S.K.: 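Can you keep this structure in mind? I'll have questions shortly.
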Amino acid sequence: MRDKSKGKVENMSSLIDNRKYATEITADSDGEQVSVAGWVHEKRDLGGVFFLIVRDLSGFAQVTLHRGVVEKELFERAKKVPRESVVAIEGKVKREKKAPNGYEIIPERMEVLNEASQILPLDTTGKVGAELDTRLDARFMDLRTERTKHIFIIRSRVLKAIRDFLDERGFIEINTPKIVSAATEGGTALFPISYFEREAFLNQSPQLYKQMLMGAGFDRVYEIAPIFRAEEHDTTKHLNEATSVDIEVAFVSDKEVMSILEELIAFVYSEVEGYPGLSKLNLKLGVPKIPFRRITYDEAIELLSETGEEIEWGEDLSTSAERTLGEIIGELYFITDWPCAIKPFYAQPVDAGLKGKKENICYAFDLMHPKVELASGSQRVHSYELLKRNIESKGLSADSFEFYLDSFRFGMPPHAGWGLGVERLLMSMLEIDNIREVVLFPRDRRRLAP
RNA sequence: GCCCGGGUGGUGUAGUGGCCUAUCAUUGAGCCCUGUCGAGGCUCGGACUCGGGUUCAAAUCCCGACCUGGGCGCCA
């Protein structure tokens, strides 16, 4: 849990040199001289005895001051420290059944490293709630609350689990540019930026670059990075800056990368399942069983039709259609065999070069959580001719994709891949309704600060 | 962009024309209290988003702006 510098820090309290985390101290530390440092979470003044609850990353330590036992000056000073101030306290550990963690600290010295102004923008103890907007405005303080803190520790665990899983399977982690030239894959709007004397954009996804790496012979790559979409959407499931996990694998089909995806999801759940902080979210996590159910686009439409929700073939699923399907299926599932018309130009058509096959269907899939779409992917077009034709038939200019198309002219293996939204995975896993809750400093249509 | 809600102390709220000198909780200031763990008791402080309008009278009704919650669309 810790890796604290043992070196003396200039201009800082000597009390933090041998700082311990609250949960490192136990009743068995009875009699030990320790120091703790953190935020003044709560103060309880009972007159002759005064409790100061210090909060640090690990949890809480109770500091107990008896009138007449500790120095009067220290007693008075401790009572005056405003809540949420940062303090360092040195004292003796005392085993104490009446204390929350079975021990308390009888202080000998206390330094206030930074006194907090009053009144606080929100309550860190959780006694009085605050609306999300208020919390995001004072995010630095919201992050001090147990619930919010643990969301982000879990987020870190999720990302580590993803890396562990993919590294284990021989994937190479890559970093592709976030400043890109005009070529959009279509669909979403891009954020224009000024790039010296030219116009450039923030990337909407690493799609084109990860595919180019297949032509480079990297075979299995992944990237975890921000993506930017300039859509004026206004929902609890969309952000203008999000984090995407993207993979691309050569010499495999969409079926293989679907397996990788469901195994990854199950692994992530299992890595989060035992995390003690889940209790702060009032959540019991069940690891989903794999393989996930697979339904085709046609079957989805059929299911919807049975509930009276008519989707015309070739139309994308509406929000309510997704919700209805989610209610019917009730667990993670794939939708496969999408019409090419509603999938990007790089999705491989089923009928490519094959007479008599179903027309206009792609080897494309979406991974759905009952409440939100999590990922989408496909077998990719690896024929230069077909790709060029697809780009043009989507009304895009092949010229602006030259840098990308070139990699298909000199040896591009068959390949497949997907993109997974990290925030969506987190919010669905933790049963959080608003995507903003799982991003430290979310960017939406209205919010650019903090 | 469209539709429907909502803006009251720092925070979360009650209040739908006069009973508002605006409720309650929490926070803040202070006092009492030697085992709190949502401590308890007492005192005090602190608010009707802004601008117009209707009315004898507006937190309350109407209009506009801004902010905000949800749904839809767009989108992943």
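These values consider heavy atoms only, across backbone and side chains, with no hydrogens, waters or symmetry-generated copies. Numbers restart at 1 for each chain; the letters A, B, ... are given by sequence-line order, proteins then strands. These figures come from a predicted structure and were not determined experimentally.
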S.K.: Does any donor-acceptor pair link the side chain of A/His233 with the base of B/G73 at a separation under 3.5 Å?
M.R.: no

S.K.: Would you please classify the geometry between the A/Phe345 ring and the A/Phe401 ring as parallel, tilted or perpendicular, with 30° and 60° separating the classes?
M.R.: perpendicular

S.K.: For A/His150 and A/Tyr275, I'd like to know if the aromatic rings sit close, meaning centre-to-centre distance below 6.0 Å.
M.R.: yes

S.K.: Does B/A39 have OP1 or OP2 sitting under 4.0 Å from an N or O in the side chain of A/Lys127?
M.R.: yes

S.K.: Any side-chain N or O of A/Arg229 below 4.0 angstrom from OP1/OP2 of B/C74?
M.R.: no

S.K.: Does the side chain of A/Thr134 get closer than 4.0 angstrom to OP1 or OP2 of B/G12 through an N or O atom?
M.R.: yes

S.K.: Within the pair A/Arg323 and B/C72, is there a side-chain N or O less than 4.0 Å away from OP1 or OP2?
M.R.: yes

S.K.: NA contact type, A/Asp123, heavy-atom cut-off 4.0 Å: base, sugar-phosphate, or nothing?
M.R.: nothing

S.K.: I need the NZ-C1' distance between A/Lys43 and B/C33, as an integer number of Å.
M.R.: 17 Å

S.K.: OP1 or OP2 of B/G70 versus the side-chain N and O atoms of A/Asn434: is any pair under 4.0 Å?
M.R.: yes

S.K.: Does the separation of the ring centres of A/Phe334 and A/Phe365 fall below 6.0 angstrom?
M.R.: yes

S.K.: When you check the phosphate oxygens OP1 and OP2 of B/C67, does a side-chain N or O of A/Arg446 lie under 4.0 Å from one of them?
M.R.: no

S.K.: Counting Watson-Crick and G-U wobble pairs only, both distances under 3.5 Å, name the nucleotide matched with B/C44, or none.
M.R.: B/G28

S.K.: Of all heavy-atom pairs between A/Leu143 and A/Lys149, which one has the smallest distance, and what is that distance?
M.R.: O-CB, 3.5 Å

S.K.: Is any N or O donor-acceptor pair between the side chain of A/Gln62 and the base of B/U36 shorter than 3.5 Å?
M.R.: yes

S.K.: Pick the P atom in B/U11 and in B/C50, then give their distance to the nearest Å.
M.R.: 15 Å

S.K.: Using a cut-off of strictly less than 4.0 Å, decide whether A/Arg44 has a side-chain nitrogen or oxygen near OP1 or OP2 of B/C37.
M.R.: no

S.K.: Which value, in whole Å, describes the distance between the P atoms of nucleotides B/A47 and B/C3?
M.R.: 37 Å

S.K.: So does A/Glu42 reach the base of B/G38 with its side chain, donor to acceptor, closer than 3.5 Å?
M.R.: no

S.K.: Measure from the side-chain heavy atoms of A/Glu231 and tell me the nearest of B/C74, B/U26, B/G73.
M.R.: B/C74

S.K.: Answer with base, sugar-phosphate or nothing: what part of the nucleic acid does A/Ile435 contact at a heavy-atom distance below 4.0 Å?
M.R.: nothing

S.K.: With rounding to whole Å, what would you report as the distance between B/G5 and B/G10 at their P atoms?
M.R.: 28 Å

S.K.: Between A/Leu120 (CG) and B/G12 (C1'), how many Å, whole number?
M.R.: 15 Å

S.K.: Taking pairing as Watson-Crick or G-U wobble with both contacts under 3.5 Å, can you name the mate of B/C2, or confirm there isn't one?
M.R.: B/G71

S.K.: What's the gap between B/G53 and B/C44 when it is taken at their P atoms, as a whole Å value?
M.R.: 39 Å

S.K.: A side-chain contact here means heavy atoms from C-beta on lying under 4.5 Å apart; do A/Glu263 and A/Val268 qualify?
M.R.: no

